Amino acid sequence: MSLYNIARPLLFGLPAETAHRVVHQALELADGTPITTAIERQYAVDDGRLTVEAFGQEFANPVGVAAGFDKNAEIPGVLGALGFGFVEVGGVTAEPQTGNPRPRMFRLREDEALINRMGLNNHGADVIGERLARTDTQHPVGVNIAKSEHVDSDDAPADYRRTYEQVTTGGDFFVVNISCPNSQGFEALQNKESMAAILSELEDAGAGPLLVKVAPDLPDPAIEDALDIVRDLDLDGVVATNTSTERPSALRSKNRAETGGLSGKPIEGRATRMVRFVAERVDVPVVGVGGVSTAEGAYRKIRAGATLVELYTALVYEGPSLAREINEGLLDLLEADGFDSVESAVGADL
Ligand SMILES: Cc1cc2nc3c(=O)[nH]c(=O)nc-3n(C[C@H](O)[C@H](O)[C@H](O)COP(=O)(O)O)c2cc1C
């Protein structure tokens with residue numbers, strides 16, 4: 001029985017955000033201590049077949065932590081020690097934000113899902129940028145950049161640029177979040193003109209590698225528009241997908257009616273379809289995220305065209321051994337299908 005099997009009922013007795021804070025603080029305490037080395041010995045899977053190259057970076061394995069888990073870039077090192085090949089920190093905004101009133105994060109236990117309406121609470125680009133500049137990790141750290149709450153879409157390009165300029169030193173790649181369902185004014189950003197204005201402003205600031213993160217709820221033509229911009233501006237990748245504002249009828253938990261973005265198992269198929277849709281249309285790496293909780297799920301996204309995968313919600317349900325389980329499972333799946341590396345399986349189903 002793993003330690004998490006014992007800890008989980010205790011954590012699940014707390015409100016979801018409090019439980020997250022407890023776990024986060026425990027990891028923060030471990031960061032940089034000999035415990036981190038011990039964690040790494042237990043959880044890291046060191047196998048060259050898992051190594052992936054994407055947008056000029058080398059990843060020891062394709063499994064990363066999605067944005068939102070380490071919003072303030074406090075624990076990228078220890079998350080790497082847990083076996084993750086990379087961490088996407090943030091979303092970061094130009095100024096500190098407190099986010100929406102609590103409660104704002106809900107477990108849907110029966111559905112292995114979460115609904116959150118955090119509203120981009122974070123310490124702000126200045127503080128996070130300095131923290132990142134002091135952080136030395138062996139794995140790539142991406143920075144998720146979002147629009148400040150009270151900035152309207154006309155001023156969004158300058159707002160994103162300001163944030164980027166403060167976090168540039170410590171980031172290895174940058175993800176432009178234009179798809180947050182929980183903060184004011186994001187819908188207006190998901191039209192072609194606004195997206196192009198933001199992304200060209202960031203290119204002008206020298207941002208790169210530069211990726212864009214899309215919502216799972218966008219209709220096909222809107223995704224096509226986003227992909228036109230990826231091609232036109234020569235962007236480096238696409239993260240698919242963010243949380244969903246839709247509520248599949250199969251949801252059973254009482255919290256299903258909460259407002260916010262749905263993540264976890266119920267969006268898995270949808271996110272994988274989006275990965276495929278994107279990978280069929282553009283020639284840049286796709287980061288597949290949404291409902292990944294097993295090696296099989298990660299492998300489905302890889303075969304659908306994802307070079308890298310990320311997860312958040314499954315960490316809540318499965319605990320800290322998840323990266324190791326997925327990486328070990330991926331090696332078995334690759335072997336069973338005759339692939340000699342993750343890279344050779346990327347897009348096998350296209
Ligand atoms: C509590 C919470 C906070 C999140 N915050 C962010 C964020 O700040 N920026 C962002 O781009 N995505 C954010 N996400 C979305 C995740 O990065 C991911 O796209 C989504 O949860 C789907 O993955 P999952 O099913 O593995 O959780 C957040 C998700 C959760 C559950």
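Every number for a ligand or one of its atoms is a count from 1 in the order of the listing. Because the structure is a prediction, the values reported are computed rather than measured.
By the criterion of a heavy-atom distance under 4.0 Å, both the backbone and the side chain of T313 are placed next to ligand 1. Only the side chain of N116 comes within 4.0 Å of ligand 1, judged by heavy-atom distances. Residue E88 does not touch ligand 1, judged by heavy-atom distances below 4.0 Å. Contact annotation: for K71 versus ligand 1, heavy atoms closer than 4.0 Å belong to the side chain alone. Here N122 has no heavy atoms under 4.0 Å from ligand 1, in either its backbone or its side chain.
For the pair A306 and G288, the tightest heavy-atom approach, listed with the atom from each and the gap, is CB-N, 3.8 Å. Annotation for L120 and K71: closest pair CA-NZ, 4.3 Å, computed over non-hydrogen atoms. The heavy-atom pair separating T243 from S263 by the smallest distance is CG2-CB, 3.8 Å.
With hydrogens and angles left out, the side-chain atoms of N144 and E88 include a donor and acceptor closer than 3.5 Å.
Considering backbone and side-chain atoms together, A314 places no N or O closer than 3.5 Å to any N or O of ligand 1. For ligand 1, the polar-atom distance check against G264 finds a nitrogen or oxygen pair separated by under 3.5 Å. Looking at ligand 1, you'll find an N or O of N144 within less than 3.5 Å of one of its N or O atoms. For ligand 1, none of its N or O atoms has an N or O atom of M118 under 3.5 Å away. Considering both main-chain and side-chain atoms, K213 comes within under 3.5 Å of ligand 1 through a nitrogen or oxygen pair. Polar contact with ligand 1: present for G91 (N/O pair, distance under 3.5 Å).
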Q) Taking it one step at a time, do L330 and Y299 satisfy side-chain contact (heavy atoms from CB on, under 4.5 Å)? A) CA-CA 7 Å; L330 275 176; Y299 190 53; 3.8 Å; yes
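Within the 4.5 Å cutoff, the side chain of F59 has no heavy atoms near those of the E53 side chain.
For G290, the closest heavy-atom approach to ligand 1 falls below 4.0 Å.
Under the 4.0 Å criterion applied to side-chain N and carboxylate O atoms, E110 and K254 are not assigned as salt-bridge partners.
Relative ring orientation between F55 and F173 is described as tilted, the plane-to-plane angle lying within the 30° to 60° band.
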